Each structure stands twice: as structure tokens, then as C-alpha cells.
Amino acid sequence: MKRIFLFILIIIFYSCNSFSQTNLQFEIFGGKYYNFLDQGILNNWGDGWAIGGGLGYRILPHSDLIFNLSYSQYPYTGNNVFLTLPAVVGLEYNVSGEPSNVCEASIGIKFNSSIKFINPFISINTGLYFINSGNIIISEWLGTNRQNASFDKYYDSGISRTYLFAGIGIGFMVPVYSNFGIGLEGRFNALLNSKGSLLPLTASIQYSL
């Protein structure tokens, strides 16, 4: 995973040095990621938060080539943990879980309008999700002897997988001062080799060179 992110950062760095400065935009963003992976690797985790950054390059009068990197984290909910425990008198148990995290790397196209005051846009992107699910730990003990508990990891937790996704977004950017702008975007990102989707809703700050 680290090699892939390093490779993407190298591409972005050389892109910055080879493109005309007047066509570059830098962006930082953050917000809410709604988790609809109810049948996949994150089905025991809730909605999360995210932070990230991106680079845009104007390839046509109203179209930008965009690169995005982001990190998001999701709290454990345990809504889909199913246990089969032995019928032992006095057996007690507890289930606890760690947060999960997702790294996203994507490339896409943003189509901008010609309106100057409020600039609406549509974006289309594709990329990779590097998903690391947290551990779900099941502890069991008899009676009040919790200090002698045994611990087991839930079978569908503590794993890392990579998924290809495609997404579409809609939003707007408002210029506020000189080359700065603030924006809001909602996206629908569907995993192509698994069931489920993530819906990011993010606010951003953009600087244009």
C-alpha cells in the first residue's frame, strides 16, 4: 500500500512541475463518509469521517483532471456480529471492536460551469480503496471470574483488502478571496468487486495558481 501511495505522489509531483502554473488547483477537504457496506468488509462499522487533499489541472476550458488522496475512519458498531456459544451454565461474554480505516487514491474528471459567483460542477472518478477492518474481540468467562477470561478474534475482522471503485459527485465552489474558494460536494462511490458503497459529503478549500 505504501508503495502505491508513493508512486501516486511521485506522479502528482512531476505533474506539478510539468504543467503550466496557471492551470493548477490545490485542494484540502474533510467531512462525513456514510457507510453502506452492510454486506462487506465494513458491515460492523458505522459512518465515518475523512480528511484528504487533491490536485487539479485544467485540460479544457471547463474541465479539470483531478487526483485525490484521503484517509477515513469508521467507529465499531457490531450490528452484524453473529455468535454461536456453548450452552454452559454461568458462561458470560463480551464483544468489543476497534475502529476501521480506509485510504483512498483516485483520479477523475471535474466538469465546471461558466457561472462565476457560484460555480457548480459534476465529477466522475475511479480509484482504489485500501480498507483495513479493526479487530473484533470476543471475551468469555465463567461467573464472576472475568480476570480469567479467554479471548478470540471474530472471523470476519482484522483483515485488509483492496477494492476498485467508481464514483460520481455533484457540488459547487464559491470564490471568496483572490485565488481561494470554498466548496461542498456529495459523491456516490460504488465498490466494483464487492457489495456496497460509500457516500462522502465533504467541504473543501481550494487554491488556484
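Counting from 1, the numbers follow the sequence of the chain as shown. Keep in mind that this is a model prediction, so the values were computed, not measured.
Smallest separation of non-hydrogen atoms from Phe172 and Phe121: N-CE2, 3.4 Å. Met173 and Ser204 make their closest contact through CE-OG, 3.7 Å (heavy atoms, listed as atom of the first residue, atom of the second, distance). The two residues Asn112 and Asp64 make their nearest non-hydrogen contact at ND2-OD2, 3.0 Å. Between Arg187 and Gly169 the shortest heavy-atom distance is CG-CA, 3.5 Å. For the residue pair Ala149 and Ser139, the shortest heavy atom distance occurs at CB-CB, 4.5 Å. Nearest heavy atoms, Phe26 versus Leu209: CE1-CD1, 3.5 Å.
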Practice prompt. Show your working on side chain to side chain donor-acceptor pair (under 3.5 Å) between Ser157 and Asn135 and close with a plain yes or no.
Written response: CA-CA 5 Å; Ser157 70; Asn135 288 311; 4.6 Å; no
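Looking at Ile124 and Phe111, their side chains come closer than 4.5 Å, going by heavy atoms from C-beta outward. Residues Ile66 and Glu27 have side chains not in contact (no heavy-atom distance under 4.5 Å, counting atoms from C-beta outward). Two residues are said to be in side-chain contact when any heavy atoms from C-beta on lie closer than 4.5 Å; Ile109 and Leu65 meet this criterion. Residues Tyr154 and Phe82 have side chains in contact (heavy-atom distance under 4.5 Å, counting atoms from C-beta outward). Within the 4.5 Å cutoff, no side-chain heavy atoms of Phe165 are placed close to those of Leu198. The side-chain heavy atoms of Asn189 and Leu199, taken from C-beta on, include no pair separated by under 4.5 Å. Between Asn101 and Phe130, every side-chain heavy-atom pair lies at or beyond the 4.5 Å cut-off.
Distance alone, capped at 3.5 Å, is enough to place a donor-acceptor pair between the Asn119 side chain and the Ser113 backbone. A donor-acceptor pair is defined here as one N or O able to donate and one able to accept, closer than 3.5 Å; such a pair exists between the side chain of Asn80 and the backbone of Asn43. In terms of modelled atom types and a separation under 3.5 Å, the side chain of Ser106 and the main chain of Thr126 share no donor-acceptor contact.
Within the model, atoms OH of Tyr34 and CZ of Phe188 stand 15.5 Å from one another, a figure rounded to the nearest 0.5 Å. Remark: Ser100 OG to Tyr74 OH distance equals 9.5 Å, nearest 0.5 Å. Atom OG1 of Thr77 is separated from atom CG of Asn44 by 6.0 Å, given to the nearest 0.5 angstrom. Put simply, CZ on Arg58 and CD on Gln25 are 5.5 Å apart, with the number rounded to the nearest 0.5 Å.
Taking the six-membered ring where the residue is Trp, Trp45 and Tyr76 present perpendicular rings, their angle passing 60° and hence far from 30°.
No option in Ile205, Leu184, Asn68 other than Asn68 meets the side-chain contact (heavy atoms from CB on, under 4.5 Å) test with Phe29.
Other residues, nucleotides and ligands place more than 12 heavy atoms under 6.0 Å from the CD1 atom of Ile59. Applying the 6.0 Å contact sphere to CD1 of Ile51 captures no more than 12 heavy atoms from other residues, nucleotides or ligands.
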